[in-house]
Each structure stands twice: as structure tokens, then as C-alpha cells.
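Just so you know, these numbers come straight off a predicted model, no measurement behind them. Just so it is clear, the values below take in all heavy atoms, side chains as well, and ignore hydrogens, waters and symmetry mates. Each chain gets a letter, A, B and so on, in the order the sequences are listed, and its residues count up from 1.
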Protein chains: 2
Amino acid sequence: MVDVAKAAGVSLATVSAAVNGSAPVSAALKGRIHKAIRQVGYKTNAIARSLKTGTTSTIGLMVADITNPFFTTTIHAIQELAHRHGYGVMLCCSDEDADKERMHLRLLADRMVDGFIVASAGETPELRALVEGGRTPVVLIDRLVDGLETDAVVIDNVAATRDAVRHLAAAGHRRIGLITGRRTLSTGRERYEGYRQALEEAGIAFEPALVGSARFGADDGYKAAAKLLSLADRPTAIFACNNLSGIGLMRAIHDAGLRCPDDIAVACFDDFDWANVFHPRLTTVAQPTQAIGVQAMLLLLERLKDATARALPPRVVRLKAELRVRDSSVRPAR
Amino acid sequence: MVDVAKAAGVSLATVSAAVNGSAPVSAALKGRIHKAIRQVGYKTNAIARSLKTGTTSTIGLMVADITNPFFTTTIHAIQELAHRHGYGVMLCCSDEDADKERMHLRLLADRMVDGFIVASAGETPELRALVEGGRTPVVLIDRLVDGLETDAVVIDNVAATRDAVRHLAAAGHRRIGLITGRRTLSTGRERYEGYRQALEEAGIAFEPALVGSARFGADDGYKAAAKLLSLADRPTAIFACNNLSGIGLMRAIHDAGLRCPDDIAVACFDDFDWANVFHPRLTTVAQPTQAIGVQAMLLLLERLKDATARALPPRVVRLKAELRVRDSSVRPAR
DNA sequence: TTGTACGCGTTATCAC
DNA sequence: GTGATAACGCGTACAA
């Protein structure tokens, strides 16, 4: 920049003012300066600017599983919006591991990101300190964390699961199995609660044996499903609480020599492109993945751009998910 | 840091030396300093360090479509390795749009990332300048860019497509359709070439009418497929050059009232979790997505860590993809 | 080993 | 409208 100033025959301060529009500069000088910029091949150094201004125009995005199509669409929406507002996105993935999460949170804090969007894999001191410190805005997505008072965008998991299980019950199923996710996550707890509510509504007694738990991934889902399917009095319908356990469930059904939906009805959380293409076409709970990302980024942008908004009390946005009934949950007429 | 020095009763330089290990510091002092660090709540300011050292410990990762499971696994591998080596990852997504790509490339350059990994949506002056400038190492993934002499990790698309189409031909198909991607991409051209080679091998005449083009996404794939299927003398097998057009293809087959593989055999590029679960189980060309990410990051790390390695000539790593034959390409015995 | 002074590229605050 | 100058927080060379 000092080179530009020299080349244009003006002072450093004037160049800065011209580049940032922070002070009025005469048109003539502006022209000379911009010409000099091109001549010298000057590029603004964001690092130096950050050091001075204390802002990096970068946000930290922390998700639990980047491989999951659910997060993928959300990430995409966040990025789009962030870039439109001049923010870069530094992405980290905890792989559902709280220890990794705290490491990455530290990495992001060191890099002085201006704000965080996080789908937490579990409460950590780092996350709590971040929120309670109040220096950097944090928006939670997908999962709430107990006692963390900060902005968040989640869906109504209780209602979503209740709807899905109610749909199964309405189709005449009385033995409805559940494959839950981790109970340490708010999503896991809420979806479990939705299941129980739907059973109660339908006057079906809760049976612990019909609830399997898949903490991680498709393999866990497979095992949990296989166990349910090997029950003497096996369920006639199963709801899987995320798309990974849904994969495991479908594989287990296939391996057990059963057919879906003829022998067993299936519905699961999280819709994806292929769900509507293959057989059986899968009944899913579709989350508004895009809207989650957009909302989260909007909340964050408010806190970032507007100094007065930083003092606002935490806002929790709860979006609705949509049940998409397809073939897998509906027994064909005989 | 100056506060830490005060609290520990030592000089600034000693603190810096203790933190960075750049000079020997007595154990006693080290203890005192670390205690002071905790007391003051000192966090190293990466911005200031970057300004001084000229490195940011951050790499820029630019992909064409973050929603695509193919990229997703690769991104994951890159991140994992990057974090292990103390690098942050700034992610950008061009949405297959060259203009967006140049914007994001500029954003990343402004942020002074230490290196780039890029799946380019098309050649841009920015990308070329970056590579030719030689100041920041660039590793291309998935797609080569004509005339860009830099490190790259790609797969052998010609062989992969040839294998797949050869498999179709070996099953007795003589009218084999193709749904290509964008010809401006090296992947599109190479896969097309593999198709032609396989036909020639099998002594099948090339028919332009059997080649559909899907530039973007599943909808384009649907249209291209629908056109092929409506041909008077329609193909008995179709190969789709990516997973998005594969979705479109399967949907088109369904909507045309045809069954796969009974009426039409299908294979497509890119494997994914669900391919093996639903019916028809899809025959795919599985890319070594994880290995692509690992290799790319390793190449980049070499250039980053080792000053002498920066002068090395460009290295192109070509990995092999694997044909996974499942049900969709095999006509059941009657 | 330690202290000091300087520079990295900007921006902000003054004076002119 | 414009120019000089002091920070921002850290690394480092050099002198003690």
C-alpha cells in the first residue's frame, strides 16, 4: 500500500481512505490511486486489516458429520449467505467426538473468527466459555445444549417424530420399533419423546425391547435393527431416528430375508435425493435443511453487523419438518 | 503477551521463546510462564503471528459442489489431515460456476491462505495467475485444467468408464447410451473418451443419438435420459457419468414405465452408501474419494513444509476407480 | 539467558 | 481533502 501511495504521489492515509471509502477523496485522486493500484499489482492484505480492526470477516462453522447429506445442504446455504456478505467460512468437523470438537473450537478461536455456527457433539467447557464470554456470537444448529443461552436454529423434533410414528400407527401397526440416536443429544431425546407421545396417543403400551440404540453410523444401526428383527415377536414397523441408522435398518431387513414394506414398514429421519428413486421409495421426515442454514446465518449476521443487536437475549428458532409418505411405510393391498 | 511477561516477571522475548520453543528457556522459567499464561488467560493471537510470519496455517479448499457425496468424503479426508498438521480449512463452493469460483479464489487469496486445493469449475485468469505466480502452492483435484502446470490428484477416468461400458457390452448390450457431463471439464472429456474406446473394442458403431448431455444436476440428467428412452430404437443399457445424472436417469426410467434391469441396464459414476441398499442395487464406478483427499493434502503439505519441495516440478497422481457390479446392470435370468 | 527496539500492512486520529 | 503518525500483537535481531 505504501508502494501505491508512492506511485500515485499521495500519502498512505489517502490511499487507505480511497480503498475503504472511510473518508471522502476527490475523484481525481481516486482515479490516480486506482491506476497506481493496478500498476503496482496491489492486493489488500486482510491479515493486517484484521490485526488493526480486530475482525476477520470469517465465521467458524462446526458440524458433527460433514458426510451427512443433512449437514451438507445446511453448510451450503450458510456458505452462500456468508460469502454474499463478505464473510469467509472456516469449516470444522467433529465426527461426533466432543474432544475433537473442543480442539477445533480452539483452532477457530485462535484464528479469531467473528462468529460461530455449531452443531455440537456434546457440551464442552470450551463451548460454554465461548457463549458465556459473550465476546463472539454463537449460533447453535440442529442440537440444543442444556443450559447454553444463545441463539439457535432447530426443528421441532418431538412433533416430527410424533407425526411419523402416528402415521405408522394409523396404518394399523401396533408393534412399532424405534432406533434412536444418542440420548446425550437434544435431537435424540426429543425424537424419543415424540415416539412415546405417539404411542400414548394411539393407546399402545411402551415396550423397552422395541427400542434399539444406534450411537454412531450405519453399522450401529444395522446391529440395532438386526436385534429388533430377531425378536420372537418382532415389530411390524420401525422408525429410524437418522439417515445413517436408516441405511443400517434397510440393510438388516434385506439380510434377514424380509421385504419392505410387505413384511415390515419403515420410515426414517432425513430425506435425501435418492429416497424417491429406488424401491421401496422411502418414507422420510424431511428437515428444512436449507432454511436452517439461512436462518442460522441471518441470526449471526444480525449480531455481527449491528452492535446493538449483540445485547439482545438469545433467540431460538424452531422450524417444522415435513413427513413425506412414500412406499416404505405403506403395506400394499393384497 | 506483554501481560504474561509482566505477571511472570520476565521479558517479552522470553515468553515468546517459551511459547514457540524458538530458543532454549530454563525449566523453572517455563513453569512460571505457563502459570502466568493460565492466570492472565492468554491466547496466542494467530492474526498478529500471521502478519509477522507471512503464513496463516490455513488452506483454501475450493470444490464445485459441496452437496455431492463424492466431494464430501474428499473434503472430510482433507480436513482431517489438515487439522492434524495444524492447518485450518477455509471452504468455498463454486456451484460449478466459474464466476463464483474466481470470486472465491480472490477471497481466499486476500485471506492469505498458505495453499490451495481446487476442483475447478473451469479455467479462470485468477486460477492461472495463482499457479503461474508460484507464490502459493495449488493442488488440483478431480479435474485437470488444460495447460495448468501444477500438482494434481485425479482418477483414470478413461479406464474407469471403459471398464464400465465394457461390462455392459460383455453382458450382450449393443445399444449402449451415455449421459455425459460437461465437456469443458476434463472429467467429462475423459469419460466420453472411455465410452468411445469401449465401443470400439466391442466392435459397436458409435451413434451420436445415443449420447445425451447433462450439464448440471439431476433435472438435466432426467431430461437427457427421457430423450434417450423415447428413441424409437432405444438403448438397452445406459451409463451415467455422475451420480446426479444417475438420479435423473433412474427417475426417468421409472416415469417411462420401464424396469431396471429387466428393460434397461444401468451403471453410473460415483458410489454412495445407499447404492447397495435399495432395489435395484446400483452398479457403480466407485472413486477412491478418501484417497484423493489424502493424496492431495499430502502433496500440498510437502510444498508447505519443505522449502526445497516448492521448486519441484508438478506431480500428477492418477488413482484408479473400481467398478462395483451389482443388480442394475445385470439382466436377471428368465 | 534477558531486555529493547523495530517491522509486518493496515486503519484511525488528529492536525493542516 | 489531505497528510503525518500512533497504534494493533507478535517475532526477532542485537546488545547486554
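Atom pair M1(A):CE and dC8(C):P shows a separation of 15 Å (rounding to whole Å applied). One atom, CG of L51(A), and another, P of dC10(D), lie 9 Å apart when rounded to the nearest Å. Distance N45(B) CG to dG9(D) P: 7 Å, rounded to the nearest Å. Taking atom CG on D110(A) and atom C1' on dG9(D), their separation rounds to 14 Å, with Å as the unit. Atom C1' of nucleotide dG9(C) and atom CZ of R49(B) are separated by 19 Å, given to the nearest angstrom. Distance, K6(B) NZ to dG9(D) P: 12 Å, rounded to whole Å. Atoms CD1 (I37(B)) and P (dC10(D)) sit 10 Å apart, rounded to a whole Å. Here the C1' atom of nucleotide dT11(C) and the NZ atom of K52(A) are 5 Å apart, to the nearest Å.
Among the atoms of the strands shown, none is found under 4.0 Å from any heavy atom of K30(A).
Considering L300(B), T58(B), D114(B) in turn, D114(B) is the only one that fulfils the side chain to side chain contact (heavy atoms under 4.5 Å, CB included) rule with Y87(B).
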Legend entry - side chain to side chain contact (heavy atoms under 4.5 Å, CB included) evaluation trace for L108(B) with C92(B): CA-CA 9 Å; L108(B) 291 172; C92(B) 290; 4.0 Å; yes
Inset, instruction - Kindly determine whether I117(B) and M297(B) satisfy side chain to side chain contact (heavy atoms under 4.5 Å, CB included), including the steps that lead there. - result: CA-CA 8 Å; I117(B) 297 183; M297(B) 193 63 212; 4.0 Å; yes
Inset, instruction - Let me see the working for S16(A) and N20(A) under side chain to side chain contact (heavy atoms under 4.5 Å, CB included), right down to the final yes or no. - result: CA-CA 6 Å; S16(A) 175; N20(A) 293 298; 3.6 Å; yes
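When the nucleotides dT11(C), dT1(C), dG11(D) are ranked by their closest atom to the side chain of L29(B), dT1(C) comes out on top.
Shown for residues 10-25 of chain A: residues whose heavy atoms fall under 4.0 angstrom of DNA chain D, namely V10(A), S11(A), A13(A), T14(A), P24(A), V25(A).
P288(B) and I155(B) make their closest contact through CD-CG2, 3.9 Å (heavy atoms, listed as atom of the first residue, atom of the second, distance).
In this structure, R143(A) pairs ionically with E96(A), as a charged nitrogen and a carboxylate oxygen lie closer than 4.0 Å.
Going from atom CG of L144(A) over to atom OG of S120(A) covers 10.5 Å, rounded to the nearest 0.5 Å.
Judged by closest nucleotide on DNA chain D, G9(A) is the one of G9(A) and T53(A) placed further toward the 5' end.
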